[in-house]
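Okay, structure first, notes after.
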Amino acid sequence: MNARLYSYTTGYCAQCRALVTARILNEDDAIWLETLCPAHGNARTLISSDPGWYESSREYVKPRQIPFALGTDEFRGCPDSCGLCTQHRQHTCLPVAEITSRCNLECPVCLKTPGDEFGMTPEEFRHALARLIECEGSVPLLNLSGGEPTVHPHFPEFLRICREMGVIQPSVSTNGLKLRADPEMRALFRETGTVVSLQFDGFRPETWQRLRGGDFSDTKLELIRLLEEEGVRYSLVATIAKGVNDDEVTAIADFFFASKALSLMFQPIAFTGAASANFGEAERMTIDDVLRALYKSRHIKEGDFNPLPCAHPGCFTLSYYFQVARDRFYSLKEFLGKEAFLDVVSNRSLPGLDRAGHEAIRARIYDCWSAADSIADNQQVLARIKSILKELEGGKFSAKAAFDVGSSVLRSVFIHGFMDAGSFDIGRLMKCCNHYLQADGRLTPMCSLNVTG
């Protein structure tokens with residue numbers, strides 16, 4: 001079969017770690033990124049197993065939003081100018097602060113390299129957050145990561161700093177081991193309104209053994225029970241590897257919709273850090289691989305998902321679901337209409353946290369209330385919509401209040417495709433809106449730091 005060339009870009013030679021010319025092409029009914037290294041020849045990596053999805057995803061692109069301030073005025077080439085630099089094509093939608101490299105697990109699938117010791121002090125964190133606010137104006141969401149952030153000796157202080165400096169919704173990426181063992185820490189999450197972003201890769205013991213080095217299947221379910229009983233907000237994050245737990249994607253989605261989790265993130269395996277030594281190309285997953293499994297869930301249908309318009313289409317794909325009854329969900333895209341949906345989710349970490357998005361969602365709820373024959377087809381649904389309207393009414397707009405209302409009625413499902421050396425694409429990197437906060441105040445695209453160090 002003749003190859004169809006889409007574009008040229010700059011990639012990364014996995015052998016010599018040099019930036020090289022690369023091209024994206026359709027061959028053998030799949031989409032590949034092929035690097036052209038003068039020293040080591042050509043190599044190619046699968047980036048999409050569905051050419052139709054790949055081509056349609058390129059249609060969802062919105063104009064960039066420039067930060068109020070940049071980290072560097074000097075452009076020395078990508079990725080060596082990160083800060084953000086003058087050539088970066090997107091602001092920060094979801095900032096992540098890696099506050100420690102310490103961890104209480106040694107996961108075979110970890111994106112980080114064992115032995116890279118670092119830790120952020122509360123003072124450094126405060127400085128980095130102040131710089132982020134200078135660049136963005138406000139911080140709707142901020143994720144604390146690591147390592148395992150809950151083992152940082154000053155972890156509670158980081159949460160207090162988030163609250164003091166106006167972060168609307170902090171979250172913490174965690175394996176949950178310390179949370180399960182420590183009621184006081186769960187109380188800290190509840191009191192500060194922090195979301196537990198819980199590592200949740202499946203249900204089978206062998207899944208956990210392969211990805212995390214031990215059987216944590218019962219531990220995770222017990223922690224979720226405790227979080228729900230104690231009123232702690234949480235989300236689920238699943239790393240997916242082909243032949244390991246790709247057949248559990250549908251079950252994870254069904255579990256999510258039956259739970260009280262706010263969101264569900266799927267992360268197809270990326271071969272950086274420890275994962276590059278423990279896994280190989282046979283286990284590579286693409287965004288569309290995950291999508292095909294998600295379509296088997298009774299709550300999800302084809303057409304629900306779109307790439308995040310402000311990022312590169314190969315980075316994020318997402319859908320939001322509006323819950324109108326205990327077991328009834330409608331996609332926000334269907335609820336708002338395609339164009340309104342794209343406007344609401346573009347350049348935002350969550351829909352409805354700005355006035356324009358909030359008003360668009362509220363107006364659509366009013367439409368449903370006024371014309372109850374379209375979506376609200378029984379008294380239970382009507383009662384739910386009426387209760388939402390009461391929550392949205394009155395008072396001055398507040399992003400925090402909007403989040404509180406939204407978290408009670410919206411569920412989100414994301415697929416985040418991290419890059420590794422084989423799939424590294426400078427074109428994607430320059431559109432990244434998912435950035436690490438550095439201790440010196442710079443902002444660095446996550447995949448740049450994960451791949452190039």
Side-chain angles (χ1 to χ4, degrees), residues 11-12 14 24 26-34 43-57 107-112 173 199-204 206-212 236-256 263-297 300 302 304-308 311-319 413-425 428 432 434 446-447 450-451:
Y12 208 57
I24 298 173
N26 182 341
E27 189 172 28
D28 300 328
D29 202 30
I31 309 299
W32 307 85
L33 186 144
E34 184 177 48
R44 69 180 193 175
T45 297
L46 180 70
I47 58 174
S48 175
S49 56
D50 184 348
W53 165 260
Y54 177 81
E55 292 181 8
S56 65
S57 70
C107 297
V109 79
C110 186
L111 294 173
K112 300 299 178 179
S173 294
Q199 186 186 92
F200 189 84
D201 301 325
F203 303 94
R204 294 191 300 257
E206 55 267 32
T207 294
W208 290 101
Q209 188 68 51
R210 179 73 177 104
L211 296 179
R212 304 297 171 183
L236 302 176
V237 181
T239 297
I240 305 298
K242 185 168 290 185
V244 178
N245 63 340
D246 54 322
D247 60 339
E248 294 193 81
V249 168
T250 308
I252 293 171
D254 288 341
F255 177 84
F256 161 71
S263 66
L264 170 61
M265 175 79 80
F266 289 102
Q267 295 177 344
I269 186 172
F271 307 124
T272 66
S276 64
N278 296 312
F279 295 84
E281 287 297 317
E283 287 131 327
R284 184 178 292 277
M285 293 283 292
T286 65
I287 284 177
D288 37 278
D289 289 333
V290 176
L291 275 177
R292 279 191 295 278
L294 282 176
Y295 292 150
K296 298 176 183 177
S297 170
I300 296 173
E302 292 191 41
D304 284 356
F305 283 78
N306 282 108
L308 181 65
H312 187 282
C315 294
F316 274 100
T317 294
L318 73 161
S319 184
V413 182
F414 300 87
I415 309 172
H416 185 188
F418 285 104
M419 292 190 290
D420 50 39
S423 60
F424 193 75
D425 177 352
R428 280 183 61 178
C432 177
N434 200 185
M446 291 184 70
C447 289
N450 290 345
V451 174

Open item on the list: Has Asp28 got a side-chain atom pairing as donor or acceptor with Ala30's backbone, closer than 3.5 angstrom?
Closed with: no
Task: Check: Thr317 and Trp53 side chains under 4.5 Å, non-hydrogen atoms - done: yes
Task: Residue list, side chain to side chain donor-acceptor pair (under 3.5 Å) with Glu248, at least two apart or on another chain - done: Thr207
Task: Side-chain heavy-atom pair Asp304, Leu294 within 4.5 angstrom cut-off - done: no
For residues 269-276, tabulate all N or O donor-acceptor pairs below 3.5 Å that involve a side-chain atom, not counting sequence neighbours.
residue, atom, partner, partner atom, Å
Thr272, OG1, Leu111, O, 3.0
Ser276, OG, Gly273, O, 2.6

Task: CE-SG distance between Met446 and Cys315, expressed to the nearest 0.5 angstrom - done: 11.0 Å
Task: Nearest heavy atoms of Asp288 and Ser48, plus distance in Å - done: OD1-OG, 2.9 Å
Task: Min side-chain heavy-atom separation Arg210-Phe279 under 4.5 Å - done: yes
Open item on the list: If I compare all heavy atoms of Pro108 with all of Asn278, which pair ends up nearest, and what's the gap?
Closed with: O-ND2, 3.0 Å
Task: Rounded distance [0.5 Å steps], CG in Leu291 versus CD1 in Ile300 - done: 9.0 Å
- [ ] To the nearest 0.5 angstrom, please state how far the CG atom of Asp50 sits from the CD atom of Glu55.
- [x] 9.5 Å
Task: Check against side-chain contact (heavy atoms from CB on, under 4.5 Å), Glu34 and Glu27 - done: CA-CA 11 Å; Glu34 184 177 48; Glu27 189 172 28; 6.0 Å; no
Open item on the list: For the CG atom of Asn306 and the OG atom of Ser56, what is their distance to the nearest 0.5 Å?
Closed with: 8.5 Å
Open item on the list: Looking at every non-hydrogen atom in both residues, tell me the closest pair between Val413 and Phe305 and how far apart they are.
Closed with: O-CE2, 3.6 Å
Open item on the list: Using side-chain heavy atoms (C-beta onward) and a distance below 4.5 Å, is Arg212 in contact with Thr239?
Closed with: yes
Task: Distance in Å, Asp201 CG paired with Asn245 CG, rounded so as to fall on 0.5 Å steps - done: 6.0 Å
Task: Flag side-chain contact, heavy atom, 4.5 Å: Leu46 against Trp32 - done: yes
Open item on the list: As an exercise, state the distance from OG1 of Thr286 to NZ of Lys242, rounded to the nearest 0.5 Å.
Closed with: 6.5 Å
Task: N/O donor-acceptor pair under 3.5 Å between Asp420 side chain and Ser423 backbone - done: yes
Task: Closest approach of Arg428 to Phe418 (non-hydrogen atoms, all atoms of both residues) - done: NH2-C, 4.4 Å
- [ ] Please name all residues satisfying ring-ring contact (aromatic ring centres under 6.0 Å, His included) with Phe203, sequence neighbours left out, ordered by chain then number.
- [x] Phe200, Phe255
Open item on the list: Using the ring-ring contact (aromatic ring centres under 6.0 Å, His included) criterion, which residues pair with Phe266? Sequence neighbours excluded.
Closed with: none
TODO: For Arg204 and Asp247, work out which heavy atoms get closest and say how close.
DONE: NH2-OD1, 2.9 Å
Open item on the list: Using every non-hydrogen atom in the two residues, find where Ala293 and Asp246 come nearest and quote the distance to one decimal.
Closed with: CB-O, 4.3 Å
Task: Glu281: salt bridge (Lys or Arg N to Asp or Glu O under 4.0 Å) partners, not counting sequence neighbours - done: Arg284
TODO: Indicate yes or no: at least one non-hydrogen side-chain atom of Val109 is less than 4.5 angstrom from one of Glu283.
DONE: no
Task: Side-chain (Asp254) to main-chain (Ala251) donor-acceptor, under 3.5 angstrom - done: no
Task: Test item: Ile24 and Ile47 side chains (from C-beta on) under 4.5 Å apart, heavy atoms - done: yes
TODO: Would you check if Pro51 and Ile31 make a side-chain contact, meaning some heavy-atom pair closer than 4.5 Å?
DONE: yes
Open item on the list: Phe424: which residues meet the ring-ring contact (aromatic ring centres under 6.0 Å, His included) condition with it, sequence neighbours left out?
Closed with: Tyr12
